[in-house]
Amino acid sequence: MQISKLFAPAIAAAMAFGSVSVASAADTMVLKASDVHPMDYPTVAAVVNMGEKLEKATNGKYKVEMYPLMQLGGEKEALEQVQIGALAMTRVSVGPVGTMVDDVNVFNLPFVFRSQDHMRAVIDGDIGAEMLQKITDNPKANLVGLCWMDSGTRSVFNKVRPINTPSDLNGLKIRMMGNPIYVETMNALGGNGVAMGMDEVYNGIATGVVDGAENNPPTYVTHNLHSVAPYYSLTEHLMVPEILVFSKKIWEKLPADDQAMIKKFAREAQFDERKLWDEKVKASMDKLVAAGTKINKVEDKAPFQAAVKPVWDKYGAKFSDLLERINAVK
Ligand code: BDP
């Protein structure tokens, strides 16, 4: 009884603020954030930097505490924790968000963007803003869409052989992110798509549960996946933006001015990350070459694009107007 009396205020504060702990003297709100990548990864560095700006601008009213490298599980788990307010924010791929907010699945279609510049122009402009709002307005997601980040282009890697044509994928089990669009994309390309969390990929390949996966160069090398799946074939079939989402449960308790400030710094983080991203891609490719990774360019992407037509027919039809607008972005 004595103990519960002693801790009652702390428990009450924890209950009231979820992941927001109130430091007695300075009234600091700790906003817990997570990412599957390590501290020096562009997405993590950009959110840490955003937190520092927020802390400075509010004289320490807020402090962002980063939990990197899947300490709290994969992205599905991170999103669940944000939804219940155990985490204030998480930076994830749009892939798992698409299973909660169907609107963003338009970005999960294979070959949807013409180029990295096209993708950037879309997320920076009106469509990007509308999609963030759709996430925020979704009554079931309990998320606030804060900003986008760059994740470059995803290509297939595996431990068996180089991929030059879709038929080279026949018989290969390839890990995909947990979203049916991706699994069906891999199946349409000729491989066997297997949904798995990021936290299982390395072991999945090492133990032979899958033969490979697909990702951008920074993730491939950062998570040491090239050491278990050394054939990296530049299929460039997906260009999935990253997203920073905030817990609606916590958001609704913040004053409007603070919300506006967080949004402003998040928008700046979108561009900070991009600079770091371009450097990281270059450094990652250099590392892969130095490590002797067997990288091959895919000379003819047309057969890959043709193969995913069923995925577009099934998942793209409802987005036809939006797809026209995306196409029209210069
Ligand atoms: C990386 C993304 C990360 C995803 C991961 C994956 O940065 O958000 O979790 O891919 O494949 O490129 O799961």
Side-chain angles (χ1 to χ4, degrees), residues 33-47 66-82 87 89-100 104 107-108 110 113 116 119 123 143 145-158 173-183 185-186 191 193-205 209-210 212-226 228-229 232 234-245 269-270 273-274 276-278 280-281 283-285 288:
S34 84
D35 198 301
V36 296
H37 297 304
M39 280 305 224
D40 65 350
Y41 200 88
T43 52
V44 189
V47 172
M66 175 58 74
Y67 292 81
L69 207 48
M70 298 179 275
Q71 284 175 32
L72 308 173
E75 300 203 320
K76 188 170 165 280
E77 292 75 25
L79 281 166
E80 284 164 4
Q81 293 182 49
V82 169
L87 273 175
M89 31 178 171
T90 189
R91 195 292 311 158
V92 290
S93 168
V94 169
V97 178
T99 62
M100 300 171 175
V104 300
F107 290 164
N108 291 327
F113 298 111
Q116 180 154 291
M119 187 270 284
I123 59 175
L143 300 171
L146 280 188
C147 70
W148 304 103
M149 291 190 184
D150 205 326
S151 186
T153 311
R154 298 173 77 101
S155 289
V156 175
F157 50 87
N158 78 93
K173 293 195 280 294
I174 304 294
R175 176 269 174 175
M176 305 297 285
M177 283 190 280
N179 183 318
I181 298 183
Y182 301 143
V183 174
T185 292
M186 184 43 65
V194 179
M196 229 183 228
M198 182 63 195
D199 47 331
E200 297 168 302
V201 181
Y202 182 90
N203 282 337
I205 299 172
V209 174
V210 286
E214 42 82 63
N215 225 309
N216 52 54
T219 296
Y220 181 45
V221 76
T222 296
H223 295 269
N224 214 16
L225 300 170
H226 61 301
V228 283
Y232 194 34
L234 305 183
T235 48
E236 302 185 326
H237 54 283
L238 280 168
M239 208 179 276
V240 183
E242 315 272 33
I243 186 163
L244 180 65
V245 288
Q270 179 160 327
E273 192 263 357
R274 184 166 302 174
L276 297 171
W277 180 258
D278 289 339
K280 190 74 170 181
V281 171
S284 303
M285 287 307 281
L288 288 171

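Just so you know, ligand 1 is whichever comes first in the structure, and atom 1 is the first atom listed for that ligand. These figures come from a predicted structure and were not determined experimentally.
- Between His223 and His37, the angle of the ring planes lies from 30° to 60°, which puts this pair in the tilted group.
- No donor-acceptor contact under 3.5 angstrom links the side chains of Thr153 and Glu236, judged on distance only.
- Protein residues having at least one heavy atom under 4.0 Å from any atom of ligand 1 are Val36, His37, Glu75, Arg91, Ser93, Ser151, Arg154, Arg175, Met177, Met198, Asn215, Asn216, Thr219, Glu242, listed by chain and number.
- Side-chain N or O atoms of Gln81 include none that pairs as donor or acceptor with a backbone N or O of Ala78 at under 3.5 Å.
- When the options Asp278, Leu244, Val44, Asp150 are evaluated for a side chain to side chain contact (heavy atoms under 4.5 Å, CB included) with Glu273, the one that passes is Asp150.
- Using a 4.5 Å cut-off on side-chain heavy atoms (C-beta onward), Val281 and Asn216 make no contact.
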Distance-only check: which donor-acceptor pairs under 3.5 Å involve side-chain atoms of residues 196-204, not counting sequence neighbours?
| residue | atom | partner | partner atom | Å |
| --- | --- | --- | --- | --- |
| Glu200 | OE1 | Gly197 | N | 3.0 |

